[in-house]
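Step one of this worksheet: look at the structure below.
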There are 2 protein chains.
Amino acid sequence: MVSIKDIAKKAGVSISTVSYALNGSSKVTDETSSRILAIAQELNYIPNAAARTLKKRESKIIGVFLTDFKGEVYGDLLDGMKEVANTQGYDLIVCSGKQSHRMLPERMIDGAIILDQAFESEELLEYADRNHKIVVLDRELDHKNINQVLLDNKAGATLAMEYLIERGHQKMYIVTGPPGSFDSMQRMKAVKQALDRVDHIEWIEIEGDFKKSGGEKAAKQIIADYKDPVAVFCLNDEMAIGLCNQITENSSLVIGEQIHLIGFDNIELTRYMQPRLATIDYSKRKWGALAAEQLIKLIAGDTVENERIYVTLVEGESVGYAVK
Amino acid sequence: MVSIKDIAKKAGVSISTVSYALNGSSKVTDETSSRILAIAQELNYIPNAAARTLKKRESKIIGVFLTDFKGEVYGDLLDGMKEVANTQGYDLIVCSGKQSHRMLPERMIDGAIILDQAFESEELLEYADRNHKIVVLDRELDHKNINQVLLDNKAGATLAMEYLIERGHQKMYIVTGPPGSFDSMQRMKAVKQALDRVDHIEWIEIEGDFKKSGGEKAAKQIIADYKDPVAVFCLNDEMAIGLCNQITENSSLVIGEQIHLIGFDNIELTRYMQPRLATIDYSKRKWGALAAEQLIKLIAGDTVENERIYVTLVEGESVGYAVK
DNA sequence: CTACTTTATGACAACCATTACACAGGATCT
DNA sequence: AGATCCTGTGTAATGGTTGTCATAAAGTAG
């Protein structure tokens with residue numbers, strides 16, 4: 001491996017001069033500098049990231065921690081992060097699984113964005129205590145080195161519930177996320193508040209998992225119990241899709257007529273559903289971009305306010321009016 | 001930051017003894033070792049990855065380079081890689097975009113798995129010349145430091161074509177990937193060979209992009225040209241989905257009756273299509289696992305043979321028999 | 001022409017961990 | 001008892017880069 005030492009030798013200057021030249025310091029004459037640069041090019045020099053990271057105590061890399069690589073939500077989210085990160089001179093890496101956590105405390109990355117319930121808050125707080133910078137997208141955590149960029153879950157769930165209520169639905173199923181999910185709990189809270197505001201609504205909670213399988217399981221229960229048209233609020237779209245498929249395949253019930261279905265997330269997949277799924281939309285791209293921005297500010301030592309991502313309702317034929 | 005120096009001071013031993021103890025070397029007495037370990041724990045010591053990488057000239061991290069974070073194929077593929085990597089003591093990071101390429105030559109990662117046409121072969125070969133280890137999944141490259149794990153594209157395309165031909169289809173559209181795509185070219189080659197083996201087949205090539213939009217665009221053309229039932233081979237499922245939706249929404253043509261559609265990849269999404277899409281299947285998980293295995297062997301200095309991933313046909317109601 | 005800045009460059013320590021080698025002291029052997 | 005071998009520990013070099021401080025040369029002022 002060719003190092004600045006080799007360049008220094010060949011150029012007949014000291015290593016510090018090479019370092020200055022390479023980093024574009026104005027301390028070096030243009031002449032010397034361009035000579036050094038030419039030699040570096042000629043020797044095919046590439047700096048060693050480990051050495052630089054060791055010395056500078058920064059790697060210019062941001063890590064994103066996801067539960068798995070399968071989620072439907074992630075595409076735009078990550079693109080949003082990457083765009084901001086790149087324009088600010090950072091690279092983005094995506095990791096998954098407990099093993100990879102080490103990259104944060106071992107200082108391989110300058111900061112972390114967390115979207116993984118399996119990454120325990122206790123662990124995160126420990127790292128924050130060690131002065132590592134973190135942005136969480138899936139929980140609330142109060143620490144000077146941790147920032148949150150959260151979805152406005154409550155507003156979203158409220159919008160969804162009001163949409164169903166306005167259309168006269170009196171019997172509802174709510175399919176939740178996995179126990180302990182922050183998003184699920186927040187959405188559920190708003191659901192209950194919405195239900196408290198009106199009378200005469202019969203409702204049943206079904207425990208889901210935020211995955212298609214949860215929707216399928218819920219569908220089976222709904223089909224088995226079916227008497228009259230019902231409304232279903234799946235706390236995310238992926239379950240809504242699973243539910244929808246299961247209903248279509250294993251019953252003669254029609255979405256939008258006997259089963260009035262609304263989801264949450266507006267994932268790309270819903271664009272290909274028949275009928276169009278009513279859901280709650282928000283800009284994933286913006287969410288990611290904001291998360292990256294906040295993290296970079298944290299890394300820079302700025303104090304930043306927690307941010308919130310606003311949501312809107314997307315109407316769809318999957319929800320019709322209740323007939324009396 | 002607490003370093004081994006701090007531990008050494010507190011334990012009253014030298015830094016080398018601490019290092020040996022931390023790395024479980026048998027050179028240190030159990031007594032000394034456990035005393036050191038206790039102090040390390042107490043001081044909340046975490047090793048510095050940069051320092052270790054610098055010295056050991058390895059980071060135990062594998063990088064995967066993808067075109068973007070949106071692809072449907074990636075989930076299982078990455079999971080397969082991660083599993084193998086983790087069991088062999090490596091961490092997996094996923095990167096995208098030209099900026100992140102630097103991680104390979106700068107020795108931040110021990111090797112790279114490439115699934116990104118935008119990562120130029122020329123650049124890869126240059127890195128390989130510098131002794132970096134690479135596994136490519138999307139092209140053929142002959143270099144001692146580069147290994148390939150490729151899909152059996154030809155077999156897949158042949159299976160698909162034979163499936164259509166056996167069912168009596170005489171008029172076909174082939175929707176390709178983007179120009180320059182290795183997978184697309186290989187599949188296309190087999191398509192042409194299959195067509196050469198039979199007479200009387202009228203076929204039209206439509207340039208696609210391996211994304212839904214490509215399928216939608218193709219659908220428009222097919223609808224506009226429509227006279228008699230036709231068969232369509234989309235060179236990947238994502239385009240097939242786009243095509244399918246476009247046809248269903250903007251024409252009265254029925255998939256499996258007037259439009260006989262087959263895809264390639266068997267992505268999870270097709271499970272939710274009506275009718276079930278005929279396609280070509282292969283284990284993404286295995287593909288990823290094999291890629292990671294090969295890369296780790298390369299890093300270890302072993303010479304490895306290129307591998308091939310076998311494919312099978314998945315029948316589906318999206319393809320029916322041609323009626324005379 | 002001396003004294004004081006300014007400027008370009010060099011020497012060197014530091015970042016943190018690993019590891020080859022040296023060394024001291026005890027155990028083992030003749 | 002002297003020679004030899006282990007064994008546990010320390011010393012110091014190493015990896016590549018950055019950046020502080022020192023120094024030499026050139027420039028400016030008095």
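The chains referred to below are lettered A, B, ... by the order of the sequence lines, with proteins before strands, and numbering in each begins at 1.
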**Q.** Protein proximity profile, nucleotides 7-17 of chain C - base contact B, sugar-phosphate-only contact S, no contact -, cut-off 4.0 Å on heavy atoms
**A.** -SBBBB-BBBB
(Q) My understanding is that only one of A:Y282, A:Y74, A:Y310 makes a ring-ring contact (aromatic ring centres under 6.0 Å, His included) with A:W287; could you say which? (A) A:Y282
Q) What is the ring orientation for A:H101 with A:F119, classed by angle as parallel under 30°, tilted 30 to 60°, or perpendicular over 60°? A)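 Geometry flag for A:F119 against A:H101: parallel rings.
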Q: Could you check whether the rings of A:H132 and A:Y127 sit parallel, tilted or perpendicular, using 30° and 60° as the cut-offs?
A: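 Aromatic pair A:H132/A:Y127 classed perpendicular.
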Q: Using five base pairs at each end, measure the axis-to-axis angle across the helix from C:dC1-D:dG30 to C:dT30-D:dA1 and round it to 10 degrees.
A: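 End-to-end axis angle: 50°.
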Q: Please report the C-alpha distance between A:E238 and A:K70 in whole Å, then the side-chain angles of each, then the deciding distance to 0.1 Å, and finally whether the salt bridge (charged side-chain N to carboxylate O under 4.0 Å, His left out) criterion is met.
A: CA-CA 12 Å; A:E238 219 172 309; A:K70 286 179 192 153; over 6 Å; no
Q.
What range of DNA chain D does chain A touch, first nucleotide to last, counting atoms under 4.0 Å from its heavy atoms?
A.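 From 5' to 3', the first and last contacting nucleotides are D:dG16 to D:dT20.
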Any donor-acceptor pair under 3.5 Å from [X] side chain to [Y] backbone:
X	Y	value
B:N147	B:L298	no
A:D138	A:D116	yes
B:Q186	B:D152	no
A:N306	A:Q148	yes
A:D265	A:N236	no

Q: Supply the atom-to-atom distance A:F182 CZ to A:L150 CG, rounded to the nearest 0.5 angstrom.
A: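 It is 5.0 Å, given to the nearest 0.5 Å.
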